[in-house]
Amino acid sequence: MAKEEDLSSCNSFIVKLSIITIIFSFTIFMLFDENLVQGTSSPEGAVDFLLPEMELEVKIGSIGSTEECDLFKGQWVSNPLGPSYTNNTCNFIDDTSNCLKNGRPDTGYLYWKWKPYDCELPPLDADKFMKSMRDKSWAFIGDSILRNQMQSLTCILSKVEEPVETYHDETSKSRTFYFPSHNFTLATIWAPFLVKYRENDNIANSIRNKEFQVYLDTLEEKWTQSYHKYDYIVIASGQWYLKSIILWEDGKIVGCHNCAEKSIKEIGVEHPYRRSLKTAFNFITSSDHKPLVFFRTWMPDHFEYGEWFSGGICNRTRPYKEGEYNGKEFDQVMRDVEVDEFAKVVEVASERGTHIKLLDTFHLSLLRPDGHPGPYRHYPPSDTNKTAKIQNDCLHSCLPGPIDTWNDLTMKIMVDGGAIKSSSHMFVI
Ligand SMILES: *[C@@H]1O[C@H](CO)[C@@H](O)[C@H](O)[C@H]1NC(C)=O
Ligand SMILES: *[C@@H]1O[C@H](CO)[C@@H](O)[C@H](O)[C@H]1NC(C)=O
Ligand SMILES: *[C@@H]1O[C@H](CO)[C@@H](O)[C@H](O)[C@H]1NC(C)=O
Ligand SMILES: *[C@@H]1O[C@H](CO)[C@@H](O)[C@H](O)[C@H]1NC(C)=O
């Protein structure tokens, strides 16, 4: 206290600036796991498989379903059954998303299910899924939200078989799990920008934020080099584009976002995001390897009373009803960029034999302000410790939580598209 008073009497502006910067940096660190260490996963060799004579490419709005049902239009309805796992039955939940363990008092957020208007969405059938995945491998490529989804899938599947961790990098940002009796590999590969990036090491002083050099026309090798090893891919990007980034194309700096260097032109995030998605999609459609790829749309956050760097919170305990909340304008812009670029990929996908589907979780996630860890991202939760810095997580999902639905949707798309046979163990994709 005394120290703070001394400082503030010297120069209150610098103190405020420092505090804001420390909170800002800390929050970025806590929420977005910034670390350059990445890793690859090394499942057993690459797999060749027969491709069925079927239409796998999808049009936006009609997601390859045999029935006339848009899985992504619907509402959250009460689900007395609750989730298929808990913090007591699953050993694979990161502490930061283990809201039950971290003392979140309300549990209402566990008792909802997504109901598409025109069909049912059954919970992922772990037994059937695992049988279909014999000798297969699956990778989640992207940032910590992908890891969040991968852990959800691991928990859902661990009822059938407990996996063993066969690989993790130094920070466990990239991890590989193996289910021995099904010879099934599940990996998450850390590539938060999808494209190549480097962290600035010439940080002039401690006040400045970390900056990232982001190379929009060059993909992160950690995923492109192991791409051929996977039969199924879920890929997405997002929030890391909101950091301080200096953007490169064709070996030149083309602009920056949030950067300290005022001589570089601020170009926002829309162009860089679009450009990086083009680079990623171009790789996917050009690659000789043809896994089934799910491209997941933007994850909207639910910070209220502030943003993620300024004490925002998310204390709602119920989903929104349709129309009650339409998100931040910015979220919609990013999702529009994704849908726009995805539509272009669909045009070339079928002629190149690429199987890519849109996992359009944006809207249904937008309606779940209640599913985030908030202060329950560690124990004791920060809302019980008034002296601790506020670090809410209003972006990721509690586990169990709304993100489990993303995996239910993935399974439903695969069953409807014939990738998982409803009656046999035969796996045709
Ligand atoms: C799961 O959460 C409950 C509180 O909901 C807690 O009592 C229990 O110890 C937790 N279990 C584990 C294994 O962390
Ligand atoms: C496990 O699956 C891989 C393909 O992913 C295959 O090459 C390997 O032979 C399988 N191993 C066993 C023991 O069946
Ligand atoms: C959430 O926090 C705000 C601001 O502190 C408060 O006004 C509101 O009543 C809280 N809502 C719930 C559901 O606790
Ligand atoms: C509360 O937070 C402060 C500052 O982070 C920390 O020093 C203290 O140990 C915390 N108290 C408890 C009970 O966790």
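Order of listing sets the numbers, starting from 1, for every ligand and every atom in it.
- Residue contacts with ligand 3: R316 is placed with no nitrogen or oxygen under 3.5 Å of a nitrogen or oxygen of the ligand (distance criterion only).
- N88 OD1, 3.4 Å is the protein heavy atom nearest to atom 13 (C) of ligand 1.
- Under a 4.0 angstrom heavy-atom cut-off, T317 registers as lying outside contact with ligand 3.
- Side-chain atoms of N102 come within 3.5 Å of backbone atoms of D95 as a donor-acceptor pair (strictly under, hydrogens ignored).
- Regarding atom 1 (C) of ligand 3, its nearest protein heavy-atom neighbour is N315 ND2, 1.4 Å.
- Within the 3.5 Å criterion, the main-chain N or O of W114 finds no donor-acceptor partner in the side chain of T405.
- For atom 5 (O) of ligand 1, the nearest protein heavy atom (residue, atom name, distance) is L100 O, 3.5 Å.
- Between the side chain of N392 and the backbone N or O of G312, at least one donor-acceptor pair lies under 3.5 Å.
- With E324 contributing its side chain and K321 its backbone, the two residues share a donor-acceptor pair below 3.5 Å.
- Looking at atom 4 (C) of ligand 3, its nearest protein heavy atom turns out to be Y305 CZ, 3.6 Å.
- If you check which protein heavy atom lies closest to atom 2 (O) of ligand 1, you get N87 ND2, 2.3 Å.
- In terms of modelled atom types and a separation under 3.5 Å, the side chain of W223 and the main chain of L194 share a donor-acceptor contact.
- A donor-acceptor pair is defined here as one N or O able to donate and one able to accept, closer than 3.5 Å; such a pair exists between the side chain of Y241 and the backbone of F193.
- Listed by number with element, the atoms of ligand 3 under 4.0 Å from a non-hydrogen atom of I313 are 2 (O).
- Taking distance alone, with nitrogen or oxygen atoms compared against 3.5 Å, D135 approaches ligand 2 more closely than that limit.
- Between K290 and H355, the shortest heavy-atom contact is O-CD2, 3.8 Å.
- Less than 4.0 angstrom separates atom 11 (N) of ligand 1 from at least one non-hydrogen atom of the protein.
- Atom 7 (O) of ligand 1 is not flagged as protein-proximal [any protein heavy atom, distance under 4.0 Å].
- Aromatic ring centres of F283 and Y227: separated by under 6.0 Å.
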